[in-house]
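Remember, it's a predicted structure, so these values are computed and weren't measured experimentally. Convention: sequence-line order gives letters A, B, ...; per-chain numbering from 1. Only heavy atoms go into these numbers, but all of them, side chains included; no hydrogens, no water, no symmetry mates.
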Protein chains: 2
Amino acid sequence: MIYQEGESSNLFLTVLEGWALRFAMTRDGRRQVLSFLLGGDHVALDSLSFDRMTFSVQAITDCTICAVDRTTINRLVGSSPSALERLEGRHRFLGIGSQQHIISLGRRSAAGRIAQLFLEMKLRLAARGFKDESRLPFPIRQRDIADAYGLTPVHVNRVLRSFRAEGVAELARGTLSIIDGKRLSAIAGLKELDQDITRYGVNLSRFEYQQ
Amino acid sequence: MIYQEGESSNLFLTVLEGWALRFAMTRDGRRQVLSFLLGGDHVALDSLSFDRMTFSVQAITDCTICAVDRTTINRLVGSSPSALERLEGRHRFLGIGSQQHIISLGRRSAAGRIAQLFLEMKLRLAARGFKDESRLPFPIRQRDIADAYGLTPVHVNRVLRSFRAEGVAELARGTLSIIDGKRLSAIAGLKELDQDITRYGVNLSRFEYQQ
DNA sequence: CGGTTGGTTGATATTATTCAATGGTCGTGG
DNA sequence: CCACGACCATTGAATAATATCAACCAACCG
């Protein structure tokens, strides 16, 4: 557990290596995964101005986390207009991510949501150097996918089985193979524009990571 | 139609009066409502740094909109640290709004989603001076609710009918009556913390509006 | 080994959708 | 003033999507 909802902290966190997820709990104890975090992703921009978040963060695999005091970052942002510009860009990127998540939850079928997740991850992983679509690292459990997309682990399993049976994609023992990207894209029902924007956001993220 | 997805614009828009909604279209022509906008709400912070948004904005009732050139706002933010602070606060507020929306879509039943919408609107309207819970202005159509919460207009209608039959809330001819707020809250299944945060965000919004 | 965690499967129940039709309200033009 | 069309809201019956419950399996780890 990297951060607990409501906990006070002055640290600005960034995942350097490994996989993590951001989530919230409902009163009745169910979990809603808000986003998945990969190497280079900031845990939360909120922490630049606030010391308590409204969500928790948990590691999926072993992680190395970079923690910087938030005043240090704020000094940088306050003094450099280009840093402010980049910060705004980052906010926008996160906003687009939530927007895609809302569209998935609101208007896509279970299969469409999982297809969209695979395609998003393909892009994010490609930006991190994993180009081979038939062997992508994917340590996210079926339970996590279910909690991210408002489904049951059982139903996620059935969709994955159907992907396997139809020769669309295969997820097993922590590695994802995208077999028929075109079909996957059709199942997700993405507009071209969305694809571009996602890629743009990913590249932006990568850019800041390298600095 | 106030703004169309992809359109180029240098204006920073704020709703002064009336109701509007932010939405995206899927490739197959369905609509996902991303949020509802009331008087005092900014249409998008994105427009401070980018001239093309990834969503459209449409009026629900007649609206009066405040449009400011974005360079004007940016000069203000760049020159005043407190303005930057407020901008961050606003970003956070929007983020919490999306987060609640994701939780609704992912983990609440149809009745829970609509109950949550009613409670959220109760707070936002109270911050704007509408204190009488039995007579809240509510021009949002059943179709809009359906598109916001991933439901069918038909199903929204059935949930509303059940609310009416159970004496929980009544929505008719553009006015909402909250009859049993406690029951409504139980149906929504809100954590106390979430209530506080929503209220905080609303007050923040109101604060900036008055300036 | 044995325990734990995550994945798989089948039968059944619930929730929400789809399709199709009816009714109500409001503005508008004849 | 009436008739018409447009746009919502409402309702019923049939169907599809997803959840629930209850097992069982397989891999991994100490």
Seminar exercise, completed: Residue pair A/Q142/A/R107 against DNA chain C: nearer the 5' end by closest nucleotide is A/Q142

Integer-rounded Å distance: [N] [atom2] and [X] [atom1]:
X	N	atom1	atom2	value
A/L171	D/dA27	CG	P	16 Å
B/I60	D/dC8	CD1	P	11 Å
A/I187	D/dA17	CD1	C1'	16 Å
A/R143	C/dT8	CZ	P	16 Å
A/D28	D/dA19	CG	P	15 Å
B/D144	D/dA9	CG	P	8 Å
A/E170	C/dT8	CD	C1'	15 Å
A/Y149	D/dT18	OH	P	15 Å

For this session: Would you kindly compare B/R161 and A/L151 by the position of their nearest DNA chain D nucleotide and give the one closer to the 5′ end?
Result: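 Closer to the 5' end of DNA chain D: B/R161.
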
Counting only side-chain heavy atoms from C-beta out, which of [options] sits nearest to [X]?
X	options	value
A/H155	D/dT18, C/dG6, C/dT18	D/dT18
A/R164	D/dC8, C/dT8, C/dA16	C/dT8
B/V154	C/dA20, C/dG10, D/dC8	C/dA20

Problem set entry | Side-chain N or O of B/N157 closer than 4.0 Å to phosphate OP1/OP2 of D/dT10 | yes

Exercise. So does B/R141 get a side-chain nitrogen or oxygen closer than 4.0 Å to the phosphate oxygens (OP1/OP2) of D/dC8?
Worked result: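 Indeed, a polar side-chain atom of B/R141 lies that close.
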
For this session: Answer yes or no: does atom CZ of B/R164 have more than 12 heavy-atom neighbours from other residues, nucleotides or ligands under 6.0 Å?
Result: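 Yes - once you tally the heavy atoms of other residues, nucleotides and ligands closer than 6.0 Å, there are more than 12.
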
Exercise. Is it true that the side chains of B/S35 and B/R22 contain a donor and an acceptor less than 3.5 Å apart?
Worked result: yes

For this session: Before accepting this row, confirm whether a basic side-chain N of the pair B/D147/B/R30 lies closer than 4.0 Å to the acidic partner's carboxylate O.
Result: no

Exercise. Are B/K122 and B/E133 close enough for a salt bridge, meaning some N to O gap below 4.0 Å?
Worked result: yes

For this session: Please confirm whether the backbone N or O of B/G18 pairs with a side-chain atom of B/T61, one donor and one acceptor, at under 3.5 Å?
Result: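 Side chain of B/T61 to backbone of B/G18: no pair is present.
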
Exercise. Is any side-chain N or O of A/R173 under 3.5 Å from a base N or O of C/dG6, one able to act as donor and the other as acceptor?
Worked result: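 It does not, because no donor-acceptor pair links the side chain of A/R173 to the base of C/dG6 below 3.5 Å.
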
Problem set entry | Side chain A/R158 and base C/dG10 donor-acceptor under 3.5 Å | yes

Exercise. With sugar-phosphate meaning primed atoms plus P, OP1 and OP2, does A/G150 contact a base, only sugar-phosphate, or nothing at under 4.0 Å between heavy atoms?
Worked result: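 If one applies the 4.0 Å heavy-atom cut-off, A/G150 turns out to touch the sugar-phosphate alone, with no base involved.
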
